[in-house]
Amino acid sequence: MLTNLRNLVEAEYARTGKRRTIALTDGTLRDAHQCLWATRMRTEHMLPIAEKIEDAGFGSVEALAMVGFDAGILFLNQDPFERVRLLRDRITTTPLRGAIRSNLLHGFYPQPDDINELFIERMLVNGIRDFAVLDSLHSWDNVAPGIRVAKRLGAKVTIALVFNLAPGYDDDFYVRQAREVIERFGPDTICLADAGGSLTVERTRTLVPALRAAIGDTRLELNTHCLTGMGPQVALEAAVYGADQILTAIDPLANGNSLPPAQMMARDLRALGFDVAVDDRLLDEVGDYLGRLADQLGYPVGVPAEYDPSNYQTQYAGGAMTNLEAQLKAAGIADKLPAVIEEIGRVREELGSPVMATPFPAIVAAQAVMNVLNTERYAVVPDEVKKYVCGYFGALPLPVDDNVRDLVMNNGSRDISETPPQLDPILPRLRERYGHLSPDEMILRYMYDDQKIDALVPVEDTFSVEQSIVELVAGLGRMPSRRNVRLVAPGVELSANG
């Protein structure tokens, strides 16, 4: 396989006289721990390696997505805006990227344009310079206001076309989407985003060249995941067939539900004949830190996944899978996971095979869980499912199964109108209530309740993966008696006699 790809690269070089450079985008601080750790990496965990990631030579560094706001505030008691500022202090040259999920500022409900526009502005003020924007229904009107603000303020814009294995999502569909967003928005980068890792090698060989031809000189990025075990191979194929940059994670936070590993991608891309301007030594140093961090926290590292064809039916995104597992465990029904995964595939098809990227993995999974826990399927319908069916998130590319539509409409909440309401401006009301606060705090208090924001704790930049002296001394007391122990640390020597 590598020989054939190398021959294609050499033929391109002979034809053009130029050797292409493939840039790597880093997803370690965002997508990777979302996929493996349910977005539980704390800001202080990131700071010790931020400057090394800066110096490693990535084209851009993912810093935050909306799920990072949810996890940061609801579970970590940390201000996500502060995270961006602290990273920006250390990553000063490489653009920091923020991922924007349509107009869904918080949770899974569309929000008015004015609050979404202010959010983009505040993300930029705090340090984001590249906005990766997606709308999983490819309803570009949802994201147009935010894109216009980002462009006006001078930020780079990456627009994601989210891959889907479903009727109608052929190469021509994605070419039309790419041409539309280039004509409407003039993005810096088009990203083919494969959240569920369901893009195959064969499809890559037709879709990537089609996009390359359609977008001209606009940069083309691939974002794929490793749930089927095919992510690294798909990424190599994408580079050969026209992608300019690949989203990766630094191993050991790669593989599994996560992204292709940066170290391996750099090595293999060079072996194919591409230039890759990353510092392998720094990648290894960051990887060593991440391995020790995972060990200290008791968190998993990424392991190459076994090939599982069922993933092509569920197309369930890596980050969503990790969160689903955590939520079922917290609810005491972890044993239901296999049945829920199987039901996700059925529900997805019945709901018109939506793209399995935010917010639809969670919406489909919520219905699947209800179907597994109740004796009749769709006897209980989450509000988000009815809103999806009614078009609150945008026009549905494929129709919902007629029988399922009837069940959703009959069993869903009567409080949800079948016609999506108009989203009126909300900033005047917020400024009346929170006008004495900074714009950042006003946004956070709108997104979450006051009690959650009052509980936020400033980041202390004192974290180390080296075990602290206090922890080690405490460990001495737990050791079996009748043992002589000497502990030597820089400038410190302790001893204990059992």
Side-chain angles (χ1 to χ4, degrees), residues 25-34 37 39-56 58-101 105-106 115-133 146 149-158 250 286 289-290 293 430 434-448 450 452-464:
T25 301
D26 180 60
T28 308
L29 304 183
R30 203 286 293 176
D31 202 351
H33 72 97
Q34 177 179 335
W37 296 356
T39 324
R40 296 302 193 270
M41 186 185 288
R42 299 178 62 84
T43 301
E44 60 265 28
H45 298 158
M46 303 176 183
L47 301 183
I49 52 172
E51 292 180 7
K52 289 185 178 180
I53 290 176
E54 156 87 315
D55 294 338
F58 290 104
S60 61
V61 173
E62 285 195 333
L64 197 60
M66 297 310 305
V67 68
F69 277 78
D70 297 338
I73 289 174
L74 300 179
F75 302 109
L76 305 179
N77 294 332
Q78 293 192 318
D79 180 350
F81 285 125
E82 182 186 20
R83 174 177 298 177
V84 174
R85 291 193 297 272
L86 291 171
L87 289 176
R88 179 75 278 162
D89 288 343
R90 293 156 177 81
I91 302 176
T92 59
T93 303
T94 308
L96 287 181
R97 174 183 288 182
I100 306 298
R101 57 187 185 198
L105 186 63
H106 170 54
I115 189 71
N116 280 287
E117 292 171 1
L118 179 62
F119 180 77
I120 294 289
E121 177 184 312
R122 298 311 303 173
M123 288 280 276
L124 187 138
V125 167
N126 282 288
I128 296 299
R129 295 295 181 266
D130 178 5
F131 290 92
V133 181
V149 170
K151 296 287 285 186
R152 175 171 56 82
L153 295 175
K156 294 182 178 297
V157 171
T158 298
I250 298 174
V286 173
Y289 169 90
L290 294 171
L293 176 65
L430 290 181
Y434 295 119
H436 61 293
L437 301 176
S438 69
D440 292 353
E441 187 170 347
M442 180 180 71
I443 290 173
L444 294 180
R445 289 184 182 274
Y446 170 69
M447 293 168 65
Y448 308 92
D450 291 336
K452 288 292 184 183
I453 305 308
D454 290 338
L456 298 183
V457 178
V459 173
E460 294 186 8
D461 186 13
T462 58
F463 178 80
S464 172

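Positions are given from 1, in the same order as the sequence printed here.
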Review point. Going through the checks in order, is the side chain to side chain contact (heavy atoms under 4.5 Å, CB included) test met by Leu29 and Ile49?
Key: CA-CA 10 Å; Leu29 304 183; Ile49 52 172; 4.3 Å; yes
Side chains of [X] and [Y], heavy atoms from C-beta outward: is any pair under 4.5 Å?
X: Val133; Y: Thr158; result: no
X: Glu121; Y: Leu153; result: yes
X: Arg90; Y: Leu47; result: yes
X: Thr43; Y: Glu82; result: no
X: Phe81; Y: Glu441; result: no
X: Met41; Y: Leu290; result: yes
X: Arg129; Y: Leu124; result: yes
X: Leu105; Y: Met66; result: yes

Run the salt-bridge test on [X] and [Y] with the 4.0 Å N-O cut-off and return the result as yes or no.
X: Lys156; Y: Asp130; value: no
X: Asp454; Y: Arg445; value: yes
X: Arg101; Y: Asp70; value: yes

Using atom types as modelled and distance alone, determine if a side-chain donor or acceptor of [X] lies under 3.5 Å from a backbone N or O of [Y].
X: Asp31; Y: Gly27; result: no
X: Arg83; Y: Asp79; result: no
X: Arg42; Y: Leu76; result: yes
X: Tyr448; Y: Ile443; result: no
X: Thr39; Y: Gly68; result: no

Value rounded to 0.5 Å, distance of [atom1] in [X] from [atom2] in [Y]:
X: Ile250; Y: Tyr289; atom1: CD1; atom2: OH; result: 12.0 Å
X: Ile120; Y: Ile100; atom1: CD1; atom2: CD1; result: 4.0 Å
X: Asp461; Y: Met46; atom1: CG; atom2: CE; result: 13.0 Å
X: Thr94; Y: Asp26; atom1: OG1; atom2: CG; result: 9.5 Å

| query | Which residues satisfy the ring pair (Phe, Tyr, Trp, His ring centres under 6.0 Å) test with Phe119, sequence neighbours excluded? | reply |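 With sequence neighbours excluded, Phe119 shows a ring pair (Phe, Tyr, Trp, His ring centres under 6.0 Å) to Phe69, given in chain and number order.
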Could you pull out all residues at least two apart from Phe131 that satisfy ring pair (Phe, Tyr, Trp, His ring centres under 6.0 Å)?
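None.
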With a 3.5 Å cut-off and no angle check, do the side chains of Asp440 and Ser438 form a donor-acceptor pair?
->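 No, Ser438 and Asp440 have no side-chain donor paired with an acceptor closer than 3.5 Å.
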- Query: Side-chain donor-acceptor pair under 3.5 Å between Glu54 and Thr92, yes or no?
  - Reply: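 Distance-only check passes for Glu54 and Thr92.
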- Task: Could you check Lys151 against Val157 for side chain to side chain contact (heavy atoms under 4.5 Å, CB included), going step by step and ending with a plain yes or no?
- Result: CA-CA 7 Å; Lys151 296 287 285 186; Val157 171; 3.6 Å; yes
**Q.** Partners meeting side chain to side chain contact (heavy atoms under 4.5 Å, CB included) with Arg152 (sequence neighbours left out)
**A.**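 Result, side chain to side chain contact (heavy atoms under 4.5 Å, CB included) vs Arg152: Val149.
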For the student: nearest non-hydrogen atoms of [X] and [Y], plus distance:
X: Leu87; Y: Ala63; value: CD1-CB, 4.0 Å
X: Tyr434; Y: Met442; value: CB-CG, 3.7 Å
X: Gly98; Y: Ile128; value: N-CG2, 3.5 Å
X: Asn126; Y: Arg85; value: OD1-NH1, 2.8 Å
X: Leu96; Y: Gly127; value: CB-O, 3.8 Å
X: Gly59; Y: Pro95; value: O-CD, 3.4 Å

Measure from NZ or CZ of Arg40 to the centre of the six-membered ring of Phe75, then state whether that distance is under 6.0 Å and the direction lies within 45° of the axis.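 Checked: cation-pi criterion met.
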- Item | Criterion side chain to side chain contact (heavy atoms under 4.5 Å, CB included) on Gln78 and Glu44, from CA distance to verdict | CA-CA 10 Å; Gln78 293 192 318; Glu44 60 265 28; 2.6 Å; yes
Inset, instruction - Test side chain to side chain contact (heavy atoms under 4.5 Å, CB included) on Thr25 and Val61 and set out the steps. - result: CA-CA 6 Å; Thr25 301; Val61 173; over 6 Å; no
